[in-house]
**Student:** 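Sharing a structure below in structure tokens format, with a few things to ask.
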Amino acid sequence: DRLRALAAQGRSAIRKVRRRLTTGPKPAKPAKPPVQITGSQPRPVAPPCPPDWKTGPPDYVIVGAEKSGTSRWARLLREHPDVFITPGIREIHYWDDFAGRWPTQEDIEGYHRFFPRPPGGMIGEKTPQYMNLWWIPAMLAAAAPQARIIVLLRDPVDRYVSGRTQLEKYRDENRAMGMTDAEFDLRSVERAFHRGQYALQVRWILDAYPADQVLVLQYEECVADTLGQLARTLEFIGLPPYTPTPQQLEKEVNPAWMEKVPLEPERRDLMLRLYEPEVRRLKEMLPSLDLSLWPNFAHLVMAEHAATDDRKAEHAAAEVAPA
């Protein structure tokens, strides 16, 4: 039996040698490219600090939400004569790299090097993903405890459509990396929905920073009343007033160039049901939030008004009822 087994092994080895002689070696199986939604950029290099300038924590940070006008707001702030910018860098994404480890003091000092400014000048940054990555608010607070944190929020359903449309720009790029359309849709839809879960993300920020260091703005109000909301932002940061020129106000930032991703009625209805508890919690945390500015959730305002009227009527009836 042993001899027969050895003979069978020998015959198999001979067949493999003959096959390779005629067809060549078996090609190695190509490694599958990493499956990811592209569009993120590697962390940039900190710029040199000019003589007589200093580096340190940023004075303000716009943390999100993505596709809620953060790029436009950052540009308007950079137009202020007392605000300096980190040259050549739109978004630093510094804390993205710390998903698997806590930053050291050296890492914190490395972050500070991104913010050179002259005496009396202010500098900040804008990275919308900081708001929806749960580890970042606490790390940011450790590195910049005095920073003013600016949050822009947009109707979650409208933000979802804008976010999905933004991600569509990278579909072909991901196909080239080996990602199927089904994989791309799964990741982009999940990501776009999660980034509209504002109550959870705002809670992370308020756990890391005192409420008086956090300014929450609404995208819709920043569009309708840009000068008023900009003045509010400058006062919050500690900058003197200034008025942008009409050209600065009208300049588009990241204008849409793709057709919006369609949203089926069934999907929209489901999203409204799933987002509504989140929006209610957000309103409890931020009483000044104006839900009438969010078309998909304006009905919550009417429901609240109706409930208030009912309570007033019950109270009035109790006051006139006989003892």
Side-chain angles (χ1 to χ4, degrees), residues 39-41 44 58-93 114-115 122-132 147-170 192 195-196 198 201-202 205 214-261 286 288-290 293-296:
S40 61
Q41 299 177 358
D59 297 293
Y60 66 87
V61 182
I62 300 176
V63 298
E66 187 183 59
K67 305 309 294 179
S68 297
T70 57
S71 294
R72 178 176 183 250
W73 220 241
R75 181 183 59 77
L76 288 173
L77 289 178
R78 290 197 300 267
E79 299 288 354
H80 193 287
D82 293 340
V83 171
F84 292 79
I85 64 171
T86 305
I89 298 176
R90 289 182 62 251
E91 297 178 2
I92 296 177
H93 288 270
F114 279 90
F115 305 104
M122 285 193 172
I123 191 170
E125 72 145 320
K126 183 269 297 186
T127 303
Q129 285 82 349
Y130 284 175
M131 189 170 115
N132 47 64
R148 297 288 174 161
I149 305 301
I150 301 171
V151 179
L152 285 94
L153 302 179
R154 182 180 187 178
D155 182 307
V157 177
D158 292 345
R159 199 229 67 82
Y160 172 89
V161 172
S162 182
R164 282 280 288 109
T165 303
Q166 171 82 3
L167 291 173
E168 279 300 309
K169 296 191 302 184
Y170 307 115
R195 296 195 175 187
Y198 300 144
Q201 297 166 32
V202 170
I205 294 168
V214 179
L215 176 65
V216 178
L217 303 171
Q218 290 181 257
Y219 163 83
E220 296 80 2
E221 193 167 14
C222 290
V223 172
D225 179 26
T226 300
L227 290 178
Q229 295 305 301
L230 181 60
R232 183 182 172 200
T233 306
L234 296 177
E235 182 180 7
F236 171 73
I237 296 174
L239 287 163
Y242 100 104
T243 302
T245 66
Q247 293 76 16
Q248 291 170 337
L249 289 173
E250 294 169 6
K251 183 178 180 182
E252 288 189 289
V253 179
N254 293 337
W257 54 272
M258 294 183 66
E259 185 177 352
K260 289 184 179 180
V261 170
L286 306 172
S288 62
L289 191 75
D290 187 356
L293 296 174
W294 289 356
N296 291 292

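Sequence positions, counted from 1, serve as the residue numbers for this chain.
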**Student:** Compare every heavy atom of F84 with every heavy atom of I123, then report the nearest pair and how far apart it is.
**Tutor:**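 In terms of heavy atoms, the two residues are closest at CG1-O, 3.1 Å.
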**Student:** Can you list the steps and then say if Y198 with R154 is a side chain to side chain contact (heavy atoms under 4.5 Å, CB included)?
**Tutor:** CA-CA 9 Å; Y198 300 144; R154 182 180 187 178; 4.1 Å; yes
**Student:** Any chance you could measure T86, atom OG1, to E91, atom CD, to the nearest 0.5 Å?
**Tutor:**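 It comes to 12.5 Å.
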**Student:** Keeping R159 on the side-chain end and A192 on the backbone end, is there a donor-acceptor pair under 3.5 Å?
**Tutor:**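 Checking the backbone N and O of A192 against the side chain of R159, a donor-acceptor pair under 3.5 Å is found.
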**Student:** For G69 and L152, work out which heavy atoms get closest and say how close.
**Tutor:**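 Here G69 and L152 meet closest at O-CD2, 4.0 Å.
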**Student:** Are W73 and S68 packed together at the side-chain level, in the sense that at least one heavy-atom pair is separated by less than 4.5 angstrom?
**Tutor:**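 No, every pair of side-chain atoms sits at 4.5 Å or beyond.
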**Student:** Any chance you could lay out the side chain to side chain contact (heavy atoms under 4.5 Å, CB included) test for K126 and L77, step after step, and finish with the verdict?
**Tutor:** CA-CA 11 Å; K126 183 269 297 186; L77 289 178; over 6 Å; no
**Student:** What I'd like to find out is whether the side chain of T233 reaches to under 4.5 Å of the side chain of L76, using heavy atoms alone.
**Tutor:**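 Side chain of T233 against side chain of L76, heavy atoms only: no contact under 4.5 Å found.
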**Student:** Could you report the tightest heavy-atom contact between G228 and D225, atom names first, then the distance?
**Tutor:**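 Taking every non-hydrogen atom into account, N-OD1, 3.2 Å.
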**Student:** Does any N or O in the side chain of Q229 come within less than 3.5 Å of the main-chain N or O of L217, such that one atom is a donor and the other an acceptor?
**Tutor:**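 Judged by distance alone, no pair lies under 3.5 Å.
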**Student:** List in chain and number order the residues that pass side chain to side chain donor-acceptor pair (under 3.5 Å) with Y130, two or more places apart in sequence or in another chain; answer none if no residue qualifies.
**Tutor:**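 Y130 satisfies side chain to side chain donor-acceptor pair (under 3.5 Å) with E125 only.
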**Student:** Please report the interatomic distance CZ(R148) to CD1(I237), rounded to the nearest 0.5 Å.
**Tutor:**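 Reported value, rounded in 0.5 Å steps: 9.0 Å.
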**Student:** Just jot down the side chain to side chain donor-acceptor pair (under 3.5 Å) partners of R78, sequence neighbours excluded, or say none.
**Tutor:**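 Listed in chain order: nothing, the list is empty.
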**Student:** From T245 OG1 over to K251 NZ, what is the distance, rounded to the nearest 0.5 angstrom?
**Tutor:**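 The NZ atom of K251 is 10.0 Å from OG1 of T245, to the nearest 0.5 Å.
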**Student:** Quick one: closest heavy-atom pair of P156 and W294, and the distance?
**Tutor:**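 Looking at all heavy atoms of both residues, the closest pair is CD-CE3, 3.8 Å.
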**Student:** Could you tell me if the side chain of Q129 sits less than 4.5 Å from the side chain of R195, heavy atoms only?
**Tutor:**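 Of all side-chain heavy-atom pairs linking Q129 with R195, at least one is under 4.5 Å.
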**Student:** Taking the side chain from E220 and the backbone from D155, do they hold a donor-acceptor pair closer than 3.5 Å?
**Tutor:**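 Such a contact is found between E220 side chain and D155 backbone.
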**Student:** More than 12 foreign heavy atoms under 6.0 Å from CD of E235: is that the case here?
**Tutor:**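 Counting other residues, nucleotides and ligands, CD of E235 stays at 12 neighbours or fewer.
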**Student:** Are M131 and E66 side-chain neighbours, meaning at least one heavy-atom pair lies under 4.5 Å?
**Tutor:**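 A side-chain contact under 4.5 Å is absent here.
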**Student:** Are the side chains of R232 and L215 in touch, meaning some heavy atoms are under 4.5 Å apart?
**Tutor:**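 Yes, their side chains come closer than 4.5 Å.
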**Student:** State, to 0.1 Å, how close L227 and P244 come at their nearest heavy-atom pair, and which atoms those are.
**Tutor:**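 Distance-wise, the nearest heavy atoms are CD2-CD, 3.8 Å.
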**Student:** Assess whether atom CZ of F115 is packed by more than 12 heavy atoms of other residues, nucleotides or ligands within 6.0 Å.
**Tutor:**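 Yes.
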**Student:** Quick check: do Y60 and V83 have side-chain heavy atoms less than 4.5 Å from each other?
**Tutor:**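 Answer yes - side chains close enough.
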**Student:** Quick one: are V261 and L167 in side-chain contact, heavy atoms under 4.5 Å?
**Tutor:**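 The answer is no; the side chains never approach within 4.5 Å.
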**Student:** Could you tell me if the side chain of K260 sits less than 4.5 Å from the side chain of R164, heavy atoms only?
**Tutor:**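 No, side chains not in contact.
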**Student:** Using 30° and 60° as the class limits, which term best fits the ring planes of H80 and Y242: parallel, tilted or perpendicular?
**Tutor:**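 Rings of H80 and Y242: perpendicular, as their planes differ by over 60°.
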**Student:** Which heavy atom of P58 sits nearest to which heavy atom of A147, and what is that distance?
**Tutor:**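 Of all heavy-atom pairs spanning P58 and A147, the closest is O-CB, 3.5 Å.
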**Student:** Q248 vs R75, test: side chain to side chain contact (heavy atoms under 4.5 Å, CB included). Steps then yes/no.
**Tutor:** CA-CA 9 Å; Q248 291 170 337; R75 181 183 59 77; 4.2 Å; yes
**Student:** Nearest 0.5 angstrom please: I150 CD1 to F236 CZ, how far?
**Tutor:**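 Spacing of CD1 (I150) from CZ (F236) equals 6.0 Å.
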